[in-house]
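Note sheet for the following structure.
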Amino acid sequence: MTHNAPYFHDGADIALLNGDYIDVFSLLGMHSINQGKALSVRCFLRGAMSVDVVGLKDNRKVASLEKLNDEGLFAGSLGRRVKPFLYKLRVEYPLCRQEIIDPYQFASLLNADDLFLFGEGSAERAYEFLGANWRTHQGVTGVHFCVWAPNARRVSLVGDFNHWDSASHVMRQHLANGLWEIFLPGVEAGAHYKFEIQRQSGECQTKADPYAKVMECPPHNASLVPPEASHEWQDAAWLERRADTHWHQAPMSIYEVHLGSWRRKGEDGQAYLDYQDLVRELIPYVQQQGFTHIELMPISEYPFDGSWGYQPVGLFAPSHRFGDAKGLKAFVDACHGAGIAVLLDWVVAHFPKDSHGLARFDGTCLYEHEDPRQGTHPDWDTLIYNYGRGEVQSLLLSNACYWLREFHFDGLRLDAVSSMLYLDYSREADQWLPNAEGGRENLEAIAFLQNLNRRLYQAFPGICMIAEESTAWPGVTQATEHKGLGFGFKWNMGWMNDSLSYLGRDPLYRSHHHNQLTFSLMYAHTEQFILSLSHDEVVHGKGSLLHKIPGDDWQKFATLRAYYGFMWGHPGKKLLFMGNEFAQRDEWRHGRSLDWHLLEYAPHQGVQAWVRDLNALYRQQRVLAATDHVPGGFVWLDCDNSQSSVFAFMRRGGPEDASLIFVVNMTPQLHQGFRLGLPLAGKYRECLNSDSHCYGGSNQGNAGLVVAEPEPWQGQACSALITVPPLACIVLTPVIAGATPGGVACAADTEA
């Protein structure tokens, strides 16, 4: 090919055809030749018959390129022109003509600051230059594609727009940081694409874009070019209020939702609700029930329905199942308009091994550890992020910021934090490696979590960062400057396990396990806790909450109501998984709707009404939420009455807060003339009674009123004789002259 010499030197044309080169941009595109006295254009267009160079500004033909070989290599000089200009290629194919703005004429669109922050591990907006992003560059609109693959021999962009031909759009390599990029005009929104990565061994594999904002629905796994449309947010007032809200002192009653099974639609009842449906149906329901927050189980794109979203492949792509990103933004916006905060379940503890995902992304372990003793989760057969690598930190930090910034989520709940903290988590003695200090703590993961929480709380005022952490790790919700992990809240797994164990015992034997409901108060103020009854408690053969309880139907429903009353009175924020609020009978199944037909029956209506009224009391009576973190805000009145399985306690606050007294009876025994210690003499209103007829109870109670006399009892100056209904919770509050009654006043109307 000696006739190629004016355009290619030292066999560069052969290297180009063989893919044996380092910098494709030095071979293709527009270049100066003849010591700067002329310009040439080189292109590789497989199957083309002829190529003309046309000025982009004036649409005039400048030159025809010479076809150098049958593979599709063209080159030619541009006459007298010596100053570079923007151009397009007019290409004749056997069956059509195309005009292509040559991507190889553009310089890199990356900037040094982004590259530095990305490598350092502190990039909060890596999704704005990695992945597929719309750009207008030199007056030309196109999509900038960028991917991190430092050990790849070659990376090509393949997709609908180039017939998945890896030779069409080989990307520019940045050797110093391992990034590959190309700016491609003429790509349409919705186009499918992947990155074909050639390993050093020469093998090639196509990978989905780790930063893709839209992904194809399973079983397909391509990434999609996102639309340019944006959402006009209407929640500025909400965000301003959120920034001024101290959630540790505010009501947080969280409704955990799996969007795929909350409710379904269609003739066969198998179609998902989309975000518009959820705006019409879910938001009013959550408002009616009085929850303050919705927590969405993971919605980052995931291939396997049975993972419930906990094995995501598209970290930046909202799942196709419920609509697009614009629909999700509209849903969050509507929640804020309705006064409801939205939390997102965020999976950062592990990632799946799907071949199109992050695993061995460029032929090496980029995102995970090479050693399976560090890089593989034995429980879930998934991979563990290398939290010590800067580029991985930037991926995860940017992803967290992406959901909070672009979608206005009000916080993140991190799944399986315990598995991040311990190197020996769920491993035998010979299956893990100690840290540099010889310990079992994952120092890199700890540092990552501290940095994550510190940055997010600074960048997004008023958010909530929540840890699912099931061990006694100290300082999960302590500030990072005090060596804590920096979370705002932690799920109280100890309370959940103990209380559900107690719940499942026959009332005859509960007296022997009294401490399972009292022990949590020994540590209730060591962290900022959320009392969580999540999806994990009603799957995998564990049964629904209702079916955990022994006895006949009446006892089951009564016990569940009493248990919820104890939960709402206990220090800590509240979380219920969907269906628990109306006593779903069957275990949760992700492939079908909740059993909404149960609400045709009074017992289920009663539990739903009880939860609604508990939420109303919780939101109206400041003392319940404001003193969660204050040890003096909770006072046992009777914690030792194991013989009767009765628990009595008081929630109190400042002088302006009315105290609330909870009495919970966990046996079917009715107690009349039960003496209860009370702080003040006078009248107490029975503002809630789970045994009331309106909840399906036996209607035993105190006729709405209790009178305390100055007779000391249970450490209090006064006391009263009350009726304690069977398997029930009653809530009393002092009647203060001139005060507006709080609570819902659904008390039993039977005389005590």
Can you run down the salt bridge (charged side-chain N to carboxylate O under 4.0 Å, His left out) pairs that involve [range], sequence neighbours left out, and say none if there aren't any?
{"range": "residues 514-539", "answer": "none"}
{"range": "residues 620-639", "answer": "K573-D628, R622-E656, R622-D657, D628-R651"}
{"range": "residues 245-254", "answer": "none"}

Between [X] and [Y], a side-chain donor and acceptor under 3.5 Å:
{"X": "S645", "Y": "S511", "result": "no"}
{"X": "E469", "Y": "T471", "result": "yes"}
{"X": "H535", "Y": "E256", "result": "yes"}
{"X": "R241", "Y": "T245", "result": "no"}
{"X": "Y422", "Y": "E441", "result": "no"}
{"X": "N615", "Y": "R619", "result": "no"}
{"X": "H408", "Y": "D235", "result": "yes"}
{"X": "Q608", "Y": "Y695", "result": "no"}
{"X": "Y563", "Y": "W568", "result": "no"}
{"X": "Y367", "Y": "E391", "result": "no"}

- Query: Is it true that K542 and E587 make a salt bridge, defined as a side-chain N closer than 4.0 Å to a carboxylate O?
  - Reply: no
Taking [X] for its side chain and [Y] for its backbone only, find out whether a donor-acceptor pair lies under 3.5 Å.
{"X": "S419", "Y": "A416", "result": "yes"}
{"X": "N399", "Y": "L315", "result": "yes"}
{"X": "E444", "Y": "N386", "result": "no"}
{"X": "R440", "Y": "L423", "result": "no"}
{"X": "N515", "Y": "T518", "result": "no"}
{"X": "W610", "Y": "R561", "result": "yes"}
{"X": "K483", "Y": "E481", "result": "no"}
{"X": "E295", "Y": "D345", "result": "no"}
{"X": "D424", "Y": "R427", "result": "no"}
{"X": "S300", "Y": "F316", "result": "no"}

Could you measure the distance from the [atom1] atom of [X] to the [atom2] atom of [Y]? Nearest 0.5 Å is fine.
{"X": "L575", "Y": "M496", "atom1": "CG", "atom2": "CE", "result": "11.0 Å"}
{"X": "E437", "Y": "L443", "atom1": "CD", "atom2": "CG", "result": "5.0 Å"}
{"X": "H377", "Y": "H350", "atom1": "NE2", "atom2": "NE2", "result": "6.0 Å"}
{"X": "L412", "Y": "L343", "atom1": "CG", "atom2": "CG", "result": "8.5 Å"}

Is the closest side-chain heavy-atom distance between [X] and [Y] below 4.5 Å?
{"X": "F487", "Y": "T480", "answer": "no"}
{"X": "P352", "Y": "Y302", "answer": "no"}
{"X": "R405", "Y": "Y127", "answer": "yes"}
{"X": "F460", "Y": "C401", "answer": "yes"}
{"X": "L545", "Y": "L560", "answer": "yes"}
{"X": "Q311", "Y": "T382", "answer": "yes"}
{"X": "L660", "Y": "T733", "answer": "yes"}
{"X": "T292", "Y": "I340", "answer": "no"}

For [X], side chain to side chain donor-acceptor pair (under 3.5 Å) partners two or more places apart:
{"X": "Y457", "value": "none"}
{"X": "E468", "value": "R413"}
{"X": "H547", "value": "none"}
{"X": "N442", "value": "none"}

- Item | Full working for side-chain contact (heavy atoms from CB on, under 4.5 Å) between D410 and H293 | CA-CA 9 Å; D410 300 292; H293 291 61; 5.6 Å; no
[X] vs [Y] aromatic rings, parallel, tilted or perpendicular, using cut-offs 30° and 60°?
{"X": "H231", "Y": "W233", "answer": "perpendicular"}
{"X": "W636", "Y": "F649", "answer": "perpendicular"}
{"X": "F647", "Y": "H514", "answer": "parallel"}

- By side chain to side chain contact (heavy atoms under 4.5 Å, CB included) - contacts of V635 (at least two apart): M650, R652, Q716
- Please confirm whether F577 and W588 have ring centers closer than 6.0 angstrom. yes
- Query: Between W346 and L396, what is the shortest heavy-atom contact and its length?
  - Reply: CZ2-O, 3.2 Å
In chain order, what residues pass the ring pair (Phe, Tyr, Trp, His ring centres under 6.0 Å) check against [X], with sequence neighbours excluded?
{"X": "F489", "result": "H248"}
{"X": "Y385", "result": "F351"}
{"X": "W432", "result": "none"}
{"X": "F519", "result": "Y523"}

- Query: Between L259 and I299, does a side-chain contact (heavy atoms from CB on, under 4.5 Å) hold up when you go through it step by step?
  - Reply: CA-CA 8 Å; L259 291 180; I299 58 170; 4.1 Å; yes
- Message: Does the Lys NZ or Arg CZ of R510 fall within the cation-pi geometry relative to Y502 - under 6.0 Å from the ring centre and within 45° of the axis?
- Response: yes
- Task: Give the C-alpha distance, both sets of side-chain angles, the deciding distance and a yes or no for side-chain contact (heavy atoms from CB on, under 4.5 Å) between W473 and I446.
- Result: CA-CA 11 Å; W473 185 279; I446 293 166; 3.3 Å; yes
- Item | Criterion side chain to side chain contact (heavy atoms under 4.5 Å, CB included) against W491, the qualifying member of L414, V476, I466 | I466
- Message: Run F407 and Y402 through ring-ring contact (aromatic ring centres under 6.0 Å, His included) and show every step you take.
- Response: CA-CA 7 Å; F407 292 87; Y402 173 72; 5.3 Å; yes
